[in-house]
Protein chains: 2
Amino acid sequence: MTISKNTFTGEYSYSLDAKGRINIPAKFRQSLSKNNDNTFVVTRGLDTCIWVYPIIIWQKIETELKNLSALSAINRSFIRNAVRYAAITPYDKQGRILLTPSLIRYAELEKEAIIIGMVNKIEIWNPKTLYETDKQNLKLDPSTFEDLAEKIIL
Amino acid sequence: MTISKNTFTGEYSYSLDAKGRINIPAKFRQSLSKNNDNTFVVTRGLDTCIWVYPIIIWQKIETELKNLSALSAINRSFIRNAVRYAAITPYDKQGRILLTPSLIRYAELEKEAIIIGMVNKIEIWNPKTLYETDKQNLKLDPSTFEDLAEKIIL
DNA sequence: GAAAATTACCCACAGCTACCCACAATTCTA
DNA sequence: TAGAATTGTGGGTAGCTGTGGGTAATTTTC
């Protein structure tokens, strides 16, 4: 049973099929609140992975973007990059969403994919890329983690 | 349906035909609210691209423009630019709108065109020009980008 | 007013997508 | 533990989408 709605935790291994579809873990789907209408938004992550949002969360981002003035070149560029790679995908009867070829290329996805719950969003990784990124992150300055620790109680 | 109306996301590649027609992605058309009457307004963008608005949204913008102080030179030139080149185009049975030769020239459009959903409007680009503009934008103040990202992206 | 040019509207069609069903493997239940 | 239900994966197909081109209607030009 899930605790709070639109919250995702845990790591799963799933396969991307020939049509670019990938299953969203049943537990994640059950965590979705009704007003999401079985729909996610997929977009580029800041790492080499795909981010998956419940559409309700994404709509908040959209609203904020709508409020940015298009008179500023920086704003326009920011909006363009934030929205350009986003695609709205309701999941089918089997619980799968459709990824765009562009996103599959970006995340270097092949058949096997790791799906990670990241609290308010979901990440989809190529296992190799995830492993490499993890290794890189170990080399980061540990004090960064300490800064974060002051903000978030784990 | 959850998808919010008159809201556009994603990047698509379409072709401008010999008659100056270009397809509006089916997903964008489906997002239009009924009172748009299958009609868009096309005009010059502030970048080297064409802006496409649902007519309902455009009407709001027009009233806002009227309320802007007519004293400021920037406002005057902006209004002149935005309104002067605006054209109303309903889309045909195949979902295509007609672009004016003037706009095609302004956006340096050739056969291949990139269509980008920018939340409340749509942009039409020549791929090369888009690529160049992207490169230019990287030189803009990165800290502003980060500020925006931190505020808006969850 | 007639010819030419332009525009608006219609049809055709290949390729693709959304939707459906099938089935094996796993989990749940009584 | 056996049966039932759910979950993850694969594949088929009807209908839609994007693109090109044709023709009648309208406008422009001489």
Side-chain angles (χ1 to χ4, degrees), chain A residues 1-2 8-32 37-42 50 52 55 86-105 109-117 122 124-127, chain B residues 1-3 8-32 37-42 50 52 55 87-105 109-117 122 124-127:
Chain A
M1 196 49 214
T2 30
F8 316 101
T9 55
E11 182 177 321
Y12 302 84
S13 173
Y14 281 85
S15 58
L16 181 74
D17 73 14
K19 295 181 180 177
R21 298 175 297 188
I22 194 164
N23 208 302
I24 296 294
K27 280 187 186 167
F28 288 2
R29 274 179 272 140
Q30 286 153 7
S31 166
L32 278 188
D37 213 15
N38 298 350
T39 302
F40 289 98
V41 172
V42 292
I50 295 172
V52 185
I55 194 167
I88 295 167
T89 49
Y91 59 79
D92 66 15
K93 266 190 179 168
Q94 283 69 245
R96 291 170 294 191
I97 58 170
L98 187 66
L99 302 180
T100 67
S102 150
L103 285 175
I104 292 172
R105 246 179 289 121
L109 283 188
E110 292 165 36
K111 170 127 198 191
E112 192 194 350
I114 304 292
I115 300 190
I116 304 177
I122 300 161
I124 304 178
W125 286 85
N126 175 327
Chain B
M1 194 186 292
T2 18
I3 319 298
F8 315 101
T9 57
E11 179 178 321
Y12 303 84
S13 173
Y14 280 83
S15 55
L16 182 72
D17 72 13
K19 296 181 181 177
R21 298 174 298 186
I22 194 164
N23 208 303
I24 297 294
K27 283 190 182 158
F28 289 3
R29 277 179 271 138
Q30 287 154 8
S31 168
L32 280 188
D37 217 13
N38 298 351
T39 303
F40 289 97
V41 172
V42 292
I50 297 173
V52 185
I55 193 164
I88 296 171
T89 48
Y91 58 80
D92 68 14
K93 262 190 180 169
Q94 283 69 246
R96 291 170 294 194
I97 58 171
L98 189 65
L99 302 179
T100 68
S102 151
L103 285 175
I104 292 174
R105 245 178 291 120
L109 283 189
E110 292 165 35
K111 168 127 198 192
E112 193 194 349
I114 303 291
I115 301 189
I116 300 181
I122 298 162
I124 304 178
W125 287 84
N126 175 327

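Here is the naming used below: chain letters follow the sequence lines, and residue numbers restart at 1 for every chain.
Atom CD of B:Gln94 and atom C1' of C:dC11 are 8 Å apart (whole Å). If you take OH of A:Tyr91 and P of C:dC20, they are 15 Å apart, rounded to a whole angstrom. Between the P atom of C:dA18 and the CD atom of B:Gln30 lies a distance of 9 Å, rounded to the nearest Å. The distance between atom NZ of A:Lys93 and atom C1' of C:dA18, rounded to the nearest whole Å, is 12 Å. Atom CZ in B:Arg96 sits roughly 15 Å away from atom P in C:dT7 (whole-Å rounding). Taking atom CG on A:Asn38 and atom P on C:dC19, their separation rounds to 12 Å, with Å as the unit. Between the P atom of C:dT26 and the OH atom of A:Tyr12 lies a distance of 16 Å, rounded to the nearest Å.
You'll find the side chain of B:Asn23 reaches within 4.5 Å of the side chain of B:Arg29, heavy atoms only. Taking the side chain as every heavy atom from C-beta outward, A:Ile50 and A:Leu109 approach each other to under 4.5 Å. Residues B:Phe40 and B:Ile122 form a side-chain contact, since some pair of their non-hydrogen atoms from C-beta on lies under 4.5 Å apart. Residues B:Phe8 and B:Val52 are not in side-chain contact: their nearest non-hydrogen atoms beyond the backbone lie 4.5 Å or more apart. Contact check for A:Val41 versus B:Thr9: no side-chain heavy atoms found under the 4.5 Å cut-off. Using a 4.5 Å cut-off on side-chain heavy atoms (C-beta onward), B:Pro101 and B:Arg105 make contact. No side-chain heavy atom of A:Leu16 sits less than 4.5 Å from a side-chain heavy atom of A:Lys111.
For the helix from C:dG1-D:dC30 to C:dA30-D:dT1, the terminal axes (five pairs an end, C1' atoms, rotation from four pairs onto the next four) enclose an angle of 40°, given to 10 degrees.
Chain B approaches DNA chain D within less than 4.0 angstrom (heavy atoms of the protein), and the contacting nucleotides run 5' to 3' from D:dT17 to D:dG22.
Here the straight-line distance linking atom CD1 of B:Ile114 with atom CH2 of B:Trp125 works out to 11.0 Å at 0.5 Å rounding.
A residue-by-residue look at B:Asn23 and B:Lys19 shows that B:Asn23 has its nearest nucleotide of DNA chain D further toward the 5' end.
Judged as a salt bridge (Lys or Arg N to Asp or Glu O under 4.0 Å), and not counting sequence neighbours, B:Asp37 has no contacts.
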